[in-house]
Amino acid sequence: MTRALTLAFGLLFASLVQATDNDPRIQPGNLFPKVQMETSLGTLVVELDRSRAELTVDNFLLYVVDGAYNNSVFHRVIGDFVVQGGGYDRDYQPIPERDPVVNESGNGLSNSYGTIAMARTNEPHSATNQFYFNVADNERLDPSSRRWGYAVFGEVVEGSEVLESMAAVETGPHDDVPGDTIPVTPMVLIKATLLPE
């Protein structure tokens, strides 16, 4: 890596850290914050791991405390793979995105069953607001010596039965969302709440 690229990456990293770590709403001193997700199929709680994925956790929590995920839908369900949300509101209109977050997939956390991770495009540092739950052991989404992975930043600690129900819904195509893995009956994230420390 050239010195210019190293400097540019350093400045990007510093700007991302500065943009998030000064916001007291996201409990910056809490290494393992918890978020409660009330869905149309029940409630689950995820414990996030700031010690392994600080930028990713901060990014996710900013969406949570801003209410961006409230009344959004899970728009991609593949029963033996993932349940994905965070990208569309109840009317299947895109949720406004913040700047992409640096990919923290090399943090030692694996895409195993019950974990939460950031969705992205083929560009490694493109994750914004979309996240997914692993509903299988998806180690193929972890990084390798030749490619970036998908950043895991927490796990479901309450409501695993809700996640199982989410993974089992009937899916099909939708006029406003690409693909044919959209729940036939909208599966809504009614409210996401950062729980008190």
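Position 1 is the first residue of the sequence; numbering continues from there. The figures that follow rest on heavy atoms only: side chains count, while hydrogens, waters and symmetry mates do not.
In this structure, Tyr150 has no ring-ring contact (aromatic ring centres under 6.0 Å, His included) partners at least two apart in sequence or on a different chain. Evaluation of the side chain to side chain donor-acceptor pair (under 3.5 Å) rule for Gln84 yields Arg76, Gln130 as partners, not counting sequence neighbours.
A donor-acceptor pair under 3.5 Å is formed between the side chain of Asp89 and the backbone N or O of Asp91. Looking only at distances, no side-chain donor or acceptor of Asn71 sits under 3.5 Å from a matching main-chain atom of Leu189. Between the side chain of Asn107 and the backbone N or O of Glu104, at least one donor-acceptor pair lies under 3.5 Å. In this structure, the side chain of Arg98 does not engage the main chain of Phe60 through any donor-acceptor pair within 3.5 Å. Although no hydrogens or angles enter the test, the distance criterion places no donor-acceptor pair under 3.5 Å between the side chain of Thr193 and the main chain of Leu195. A donor-acceptor pair under 3.5 Å links the side-chain atoms of His125 to the main chain of Asn103, judged by distance alone. Arg50 places a side-chain N or O within 3.5 Å of a backbone atom of Asn30 that can act as its donor or acceptor partner. The backbone N or O of Gly149 lies less than 3.5 Å from a partner atom in the side chain of Ser105, making a donor-acceptor pair.
Grouping the Ile, Leu, Val, Met, Phe, Trp and Tyr side chains by contacts below 4.5 angstrom, directly or via other members, places Val82 apart from Leu163. Two different hydrophobic clusters hold Val156 and Val188 under the rule that ILVMFWY side chains link at heavy-atom gaps under 4.5 Å. Leu194 and Met37 fall within a single hydrophobic cluster, where Ile, Leu, Val, Met, Phe, Trp and Tyr are joined by side-chain heavy atoms under 4.5 Å apart, directly or via other members. Side-chain heavy atoms closer than 4.5 Å link hydrophobic residues (I, L, V, M, F, W, Y) into clusters, and following such links, even through other members, never connects Val35 to Val45. If you chain together hydrophobic residues whose side chains sit under 4.5 Å apart, Val46 and Val77 fall into the same group.
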_Check against side chain to side chain contact (heavy atoms under 4.5 Å, CB included), Phe153 and Arg52_ = CA-CA 7 Å; Phe153 62 102; Arg52 299 284 191 96; over 6 Å; no
*When you look at Ile26 and Val65, which way does the side chain to side chain contact (heavy atoms under 4.5 Å, CB included) test go after all the steps?*
CA-CA 7 Å; Ile26 62 171; Val65 299; 4.0 Å; yes
*Mind running side chain to side chain contact (heavy atoms under 4.5 Å, CB included) on Met187 and Val73 for me, showing each step along the way?*
CA-CA 6 Å; Met187 191 160 62; Val73 292; over 6 Å; no
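With Ile116 as the fixed residue, the side chain to side chain contact (heavy atoms under 4.5 Å, CB included) test singles out one of Val152, Leu48, Thr56, Asn134: Leu48.
A centroid separation of less than 6.0 Å is found between the aromatic rings of Tyr92 and His174. Aromatic ring centres of Phe81 and Phe133 lie farther apart than the 6.0 Å criterion allows. Remark: aromatic rings of Phe131 and Tyr69 are close, center separation under 6.0 Å.
With rounding to the nearest 0.5 Å, the separation of CD in Glu97 from OG in Ser126 is 9.5 Å. To the nearest 0.5 Å, the span separating OG1 on Thr115 from CG on Asn138 amounts to 7.5 Å. Here the straight-line distance linking atom OG of Ser112 with atom CD of Glu139 works out to 7.0 Å at 0.5 Å rounding. Note that CG of Asp58 and CD of Gln27 are 11.0 Å apart. Values are rounded to the nearest 0.5 Å. Taking OG of Ser40 as the reference point, atom CD1 of Ile190 lies at 6.0 Å (rounded to 0.5 Å). Interatomic distance, CD1 of Ile95 versus CG of Asn129, reported as 6.0 Å (0.5 Å rounding).
Screening residues 153-172 for salt bridge (charged side-chain N to carboxylate O under 4.0 Å, His left out) gives no qualifying pairs among residues at least two apart or on separate chains.
Between the side chains of Asp142 and Ser110, at least one donor N or O lies within less than 3.5 Å of an accepting N or O. Remark: the Tyr132 side chain and the Asn111 side chain contain an N/O donor-acceptor pair separated by less than 3.5 Å.
Between Thr39 and Lys191 the shortest side-chain heavy-atom distance does not fall below 4.5 Å. Counting heavy atoms from C-beta outward, Val169 and Val184 have side chains that stay 4.5 Å or more apart. Put simply, the side chain of Gln93 does not reach to within 4.5 Å of the side chain of Tyr88, judged on heavy atoms. Contact annotation: the side chain of Glu54 never approaches that of Leu31 to less than 4.5 Å [non-hydrogen atoms, C-beta and beyond].
Between Pro124 and Arg120, the shortest heavy-atom distance links the atoms O-CD, 3.3 Å. Contact record, Val162 with Thr43: CG2-O, 3.6 Å, taken as the closest heavy-atom pair. Between Met118 and Thr128, the shortest heavy-atom distance links the atoms CE-O, 3.3 Å. Closest non-hydrogen pair, Leu61 versus Pro33, comes out as CD1-CG, 3.9 Å. Scanning all heavy atoms of the two residues, the minimum distance from Asp99 to Asn59 falls at O-OD1, 4.3 Å. Contact detail for Pro96 and Tyr63: the closest heavy-atom pair is O-CE2, 3.7 Å.
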